[in-house]
J.: 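Sharing a structure below in C-alpha cells format, with a few things to ask.
Just so you know, these numbers come straight off a predicted model, no measurement behind them. Numbered from 1 within each chain, the chains take letters A, B, ... in sequence-line order.
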Amino acid sequence: MEKIERYRKIFGKNFSISLPTEKIWTIRTNTLKISVESLIKKLNERGCTIEQIPFYKEGLWVKAPYNLSYSIEHILGYFFIQNASSMIPALVLNPKKSETILDLCAAPGAKTTQIAAMMKNEGVIVANDVERERLKALRGNLQRCGVMNVVVTNMDGTKFWQTGLKFDKILLDVPCTGTGTLIPRVLKSVNKNSIARLSKLQKKLLISATKCLNDNGIIVYSTCSLEPEENEENVDFAVRKLGLTIEKIKIDNLNFMPALTEWEGKRFVNEIVNAIRIVPTERMEGFFICKLRKF
Amino acid sequence: MQIKKILSKKEIEELEKLIEKNYGVKISLRDYLVFTSKEKIWIATKECAKIFSLNILINSAGLNFGKIRKGKIHLTIEGSQIVGRYASKNVVFINKNSAEKFLKGSDVKAEKEINCEYGNFVIVKSEDEILGSSLFLKDKIKNLIPKSRRTIRF
C-alpha cells in the first residue's frame, strides 16, 4: 500500500496496479529479415489477431493461439519479443548508418537489435554488458536477428571510458529496479536501499557514458523504473554536474507524461519537463526516457 | 572471441568460389569484413574493423556465417538465409509437417531435391522459409539444427 501511495504522488490519485487480464504478446518486426506486411500476413495465416503499435509501425500487439516464443517465425528471427515501451529509447536515439553507436548496458539485446535494424545492418554498434552470463543471450539474439554491425564487449560500464573510444550516440538503458513492469515479485523486492544502490550505479554509468561521448553527441538515458531517484534525480545530476542539456522528445502518436519537476521537496532543473514518463498500463510498462546532449 | 584471421581479398574470393561450388550461387562478400575464429567464419561490417584495431577485449563480433569442413561449407541458419534465396544446388524442400519435425530436431526426408550431392550440406527450405543447413544422406536429411534454435511446437 505504501508503494501505491508513492506512485499516486507521481501519476495521480487514480493510479492503480492493473496486470494484464489476457495474454497479448508485444513484438517488434526484425526488418533485417522480413517486412512488417509479410510478418503480419504470416501471423494472420496462423490465426493471430494483430494490432500495430500507434507510434511505431514495426511494433505489433498480437493475440496468438500458441506460444509465440516457440514459433517458427521467432526461431527464424523474424521478430523480437519486446515491450512497446522498450522500443521507445532506440526511436529517440534515431541512429544513422554513418554514426558510431554505443549500447553500454546491452544484454539481452532487444534495443541493440532494434538499433541494428534501424541502421540497416550498416556502420558499427558497440554492445557492452558487464554480466558475462547475460552476454550469451545477447549473442544468441544478435545471431538470430542476422545482425552484422555489432561488436560485443564485456566490460564494467562504469569503466568503459578507459577504453578511450568515442561515440556519436550512446544508449544508456541502465540496470534498474524494474518497478515499471508492475510485476508483484519485483515490487515486493524493491526497497529504499535497493533504489539508492542502483541510483548510485546509474550516476556512475552516466559519468562514464558522458566521457565516451563526442562533442554534440547524444545520450539517451532510460529505465523501466517508476522511481524518481533512478530517473529525474539522475538526469538532474547529468545537467548540473556533467553539463549535459536535455532535449525535447518528439514521437507522433505516443502517449506520455512529462517528467516530475520536483520530488519529496527537491526541485529539479527546469528543462526536466522535456524528459518523458510512460504511464504503466496493461499493454505498456512504465518507462522513463531522456535525451541528453553534450556540447 | 579469439579472432584467428581476417581474410584477405584473395581469401574472400576463394570463399565466394567455395559457396558457388557448393550452392550454385555467386554472392559478394568483398564489402564485408570476413574473419575466422576457431573453425567458424564470421561476417561483419567493415566499420567493425576500427574497433578491432584498438586494444580492447572483444567478446564477439558480426554474424556467424558457417564452418568449412573438408572443402564443404556448413552454413548457420543465418548463413543459409543469405545464400539460400538464390541457391541452385544442394537445396532440398520439405513439406510443412516435416518442417515442424525438422525444427524440433528430427531427421526428415526430402520432398524435392535440387542438384543435391550425397554427403554434402544442403540448404533446407519449406515453402518460402529457409530453415537452415543440414547433411544430405542417401536415406534422410540428418538434422544439424543447434539445440538452442530448435522449437517445441508451432
J.: Between Leu63(B), Leu131(B), Asn55(B), which shows the greatest number of heavy-atom pairs under 4.5 Å with chain A?
T.: Leu63(B)
J.: Non-hydrogen atoms of chain A under 4.5 Å away: do they reach the side chain of Lys46(B), the backbone, both or neither?
T.: neither
J.: Is Arg132(A) close to chain B through its backbone or its side chain, or both, or neither, when contacts mean heavy atoms under 4.5 Å?
T.: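 The side chain, not the backbone.
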J.: Begin with the C-alpha distance, continue with both residues' side-chain angles, and end with the deciding distance and a verdict on side-chain contact (heavy atoms from CB on, under 4.5 Å) for Glu129(B) and Tyr78(A).
T.: CA-CA 11 Å; Glu129(B) 311 289 7; Tyr78(A) 295 165; 2.5 Å; yes
J.: Examine whether an atom of Leu57(B) lies under 4.5 Å from a heavy atom of chain A, and if so say whether it belongs to the side chain, the backbone or both; otherwise answer neither.
T.: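 Backbone only.
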J.: Pick from Cys48(B), Ala61(B), Ala44(B): which one has the most heavy-atom pairs with chain A under 4.5 Å?
T.: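 Most heavy-atom pairs within the cutoff with chain A belong to Cys48(B).
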J.: For the CD1 atom of Ile51(B) and the OG1 atom of Thr163(A), what is their distance to the nearest 0.5 Å?
T.: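 Here the rounded value is 8.5 Å.
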J.: Take a 6.0 Å sphere around CD of Glu45(A) and say whether it holds more than 12 heavy atoms from other residues, nucleotides or ligands.
T.: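 Atom CD in Glu45(A) is crowded, with more than 12 foreign heavy atoms closer than 6.0 Å.
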J.: Taking side chain as everything from C-beta outward and backbone as N, CA, C, O, which of these in Thr100(A) sits under 4.5 Å from a heavy atom of chain B? Side chain, backbone, both or neither.
T.: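 Answer is side chain: those atoms of Thr100(A) sit under 4.5 Å from chain B.
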J.: List the steps, then state whether side-chain contact (heavy atoms from CB on, under 4.5 Å) holds for Arg139(A) with Asn59(B).
T.: CA-CA 9 Å; Arg139(A) 286 195 306 262; Asn59(B) 185 278; 2.6 Å; yes
J.: In terms of heavy-atom proximity below 4.5 Å to chain B, should Asn128(A) be classed as side chain, backbone, both, or neither?
T.: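 The answer is neither part of Asn128(A).
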J.: Applying a criterion of heavy atom separation less than 4.5 Å, what residues of residues 77-89 of chain B form contacts with chain A?
T.: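 Contacts with chain A: Ile77(B), Glu78(B), Gln81(B), Ile82(B).
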J.: To the closest 0.5 Å, what do you measure between NZ (Lys136(A)) and OG (Ser148(B))?
T.: 11.5 Å
J.: Which residues in residues 8-24 of chain B have a heavy atom less than 4.5 Å from any heavy atom of chain A?
T.: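 Contacts with chain A: none.
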J.: Need one label for Ile125(A): side chain, backbone, both or neither, based on atoms under 4.5 Å from any heavy atom in chain B.
T.: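 No part of it gets close to chain B.
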J.: Could you measure the distance from the CD atom of Gln143(A) to the CZ atom of Phe65(B)? Nearest 0.5 Å is fine.
T.: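 Atom-to-atom, Gln143(A):CD and Phe65(B):CZ are 11.0 Å apart.
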J.: If you tally heavy-atom pairs under 4.5 Å against chain A, which of Ile58(B), Asp128(B), Asn64(B), Ile56(B) wins?
T.: Asn64(B)
J.: Relative to chain A, which segment of Ser60(B) carries a heavy atom at a distance below 4.5 Å: side chain, backbone, both, or neither?
T.: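 For Ser60(B), the contact with chain A is made by backbone and side chain together.
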J.: Side chain from CB out, backbone as N, CA, C, O: work out which of these in Glu122(A) comes under 4.5 Å of a heavy atom of chain B, or both, or neither.
T.: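 For Glu122(A), the contact with chain B is made by the backbone alone.
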J.: How many angstroms lie between atom CD1 of Ile72(A) and atom CD of Glu127(B), to the nearest 0.5 angstrom?
T.: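 It is 9.0 Å, given to the nearest 0.5 Å.
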J.: Report which part of Leu76(A) has an atom under 4.5 Å of a heavy atom belonging to chain B: side chain, backbone, both, or neither.
T.: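 Its backbone and side chain both get close to chain B.
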J.: Supply the atom-to-atom distance Lys97(A) NZ to Glu47(B) CD, rounded to the nearest 0.5 angstrom.
T.: 10.5 Å
J.: Between CG of Asn149(A) and OH of Tyr32(B), what distance do you get to the nearest 0.5 Å?
T.: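 Nearest 0.5 Å value for the CG-OH distance: 10.0 Å.
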